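All of these numbers come straight from a predicted model, not from anything done at the bench.
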Amino acid sequence: MAISDELEDVAQEIENFILSIAEEEVNHFIDTKLSPKKQRLARLMLKKALKKSTPKELAVKVLKHELNKTKDIWQPVVSQFDFPSALDAGGVFQGAPPPGTLNMPTTGFPGVVPTKDRWYEDWFLGQQMLQGVAPTLLQLVSKALPANLAVTDEILGNLLGGLTIQQAIENKLLFVVDLNMLDGIQSFKGGSLSVDEAIQEKERYFAAAIGLFFLNKTAEELLPVAIQLGQDPATSPVYTPQDTAPEWAVAKMFFQCGIGQFHQVSVHALRTHLGSEPWEIAVMRNLPSFHPVYKLIKPHMWYTVMISMIARSSLINPAGAFDKFFAIGATAEQWSETPLYSNNSNASWQNVGYVELFQRSYKNWSSDLNVFPNAVNNRGVGKEDLPIDYPYRDDGGLMWDALHTFVCDMLKLSYKNDEAVTSDNYLHAFEKDITFGLAKQSPSDR
């Protein structure tokens, strides 16, 4: 059922009660009559309706109004995506609310403490490595600390619960987030975003940081115990919770800033969006609509290319959102020194930090990372090695298992054995196209 249909049901059910009973009784009705999936939607809409409307007769009108706005957001008209040029940064998303904020309460859900009240606490940083915006970077320290991490037993003191670093490693209690991919990446040097713009943006900073985390099994918490702001152990400062509060807080901010740069470019934009394009193109070029693989993949490809097109015209283009907000963005002068604008033999994409990061990440990316169990086990964060609640791993594993079972069962209806698969000429063409589309070559190599 579409979300708009669910909201329609919720609105109709609340409407029958809201005019005749008190707010407490409405809440009781939500608790006892609605499914858990509908309860959250109902509370959000009821809260907004009662807040904006007195007397209560107006609440129903506001409720329906909010419903209509929600429908518009969740069901955009495809024909509206009509841009006059490839570099137009406008479109239907201009002025839209930030993703994930529509109708979200400012005080958090019941039992959930808002981030703004806990962000400075160490356990919260560890929790973000498990269920934050970038839960794919944490790795088990299996044999020794990274060679370029200048952390010793003396620096950590008693932060490991009386254990030495080696003892903690042997007990699988140390984990690391190493942002080495950011080392040497160009930052925003400061200047104007476009040649005809007079405003001079300030220089921006980030660090190719390394974060070390200790697993407290008793409290079931992952705690940061050291952050090194850089990859060079000789020149990069190391901070721990034993430092002054401002120093440790700033170190954590720089660490999170680096995670934001890497995650948005490498994990989100590249692997989620841009990396999906060759798959959809190969599907559309090689598999007829009656093919079983087409029927399985196509529903997951709605708007894939369109979204990437929007990103190229508003996010990763010169003076786009990445340049405006990212520490690894670029000024107009930096862009002028790239092959996009210069025929100089010294022109390089390395002058734009996030473009260079795209290239580095793609060269280091493997299709094996798309196999969820492999990706988790390769980082050493399976349930045996990290025996605490890890929502990304635990929930993602359930989704993977369900999809894997479903896909296998569906394909068995069309392919009775391996020979039937290898003799499918459509699949051969599809595989050949994918191999070419994902080939890690520069344009000059082709």
Among residues two or more places apart or on two chains, list those pairs meeting ring-ring contact (aromatic ring centres under 6.0 Å, His included) that have a residue in residues 214-253.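 Those involving residues 214-253 do not exist here.
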Within-4.5 Å side-chain heavy-atom neighbours: [X] and [Y]:
X      : Y      : answer
Leu173 : Leu163 : yes
Ile165 : Leu145 : yes
Leu179 : Leu137 : yes
Lys217 : Pro387 : yes
Leu156 : Thr164 : no
Phe206 : Ile185 : yes
Phe188 : Glu201 : yes
Ile227 : Ile210 : no

Relative to each other, are the rings of Trp349 and Trp335 parallel, tilted or perpendicular (30° and 60° limits)?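 Rings of Trp349 and Trp335: perpendicular, over 60°.
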Which of parallel (below 30°), tilted (30 to 60°) and perpendicular (above 60°) describes Phe326 and Phe322?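 Parallel, since the angle between the ring planes stays under 30°.
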Quiz question: by atom type and distance under 3.5 Å, do the side chains of [X] and [Y] form a donor-acceptor pair?
X      : Y      : answer
Glu280 : Ser276 : no
Thr235 : Asp232 : yes
His268 : His273 : yes
Asn148 : Gln231 : yes
Gln128 : Gln256 : yes

Which residue pairs pass the salt bridge (Lys or Arg N to Asp or Glu O under 4.0 Å) test with at least one member in residues 165-185, sequence neighbours excluded?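 As it turns out, the salt bridge (Lys or Arg N to Asp or Glu O under 4.0 Å) pairs with a partner in residues 165-185, which skip direct neighbours, are Lys172-Asp385.
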Pairs involving residues 238-266, ordered by first then second residue, that meet salt bridge (Lys or Arg N to Asp or Glu O under 4.0 Å) (sequence neighbours left out):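 Found Asp122-Lys252.
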Identify which one of Thr272, Ile316, Leu274 satisfies the side-chain contact (heavy atoms from CB on, under 4.5 Å) criterion when paired with Ser308.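 Going through the options one by one, the only one that passes is Leu274.
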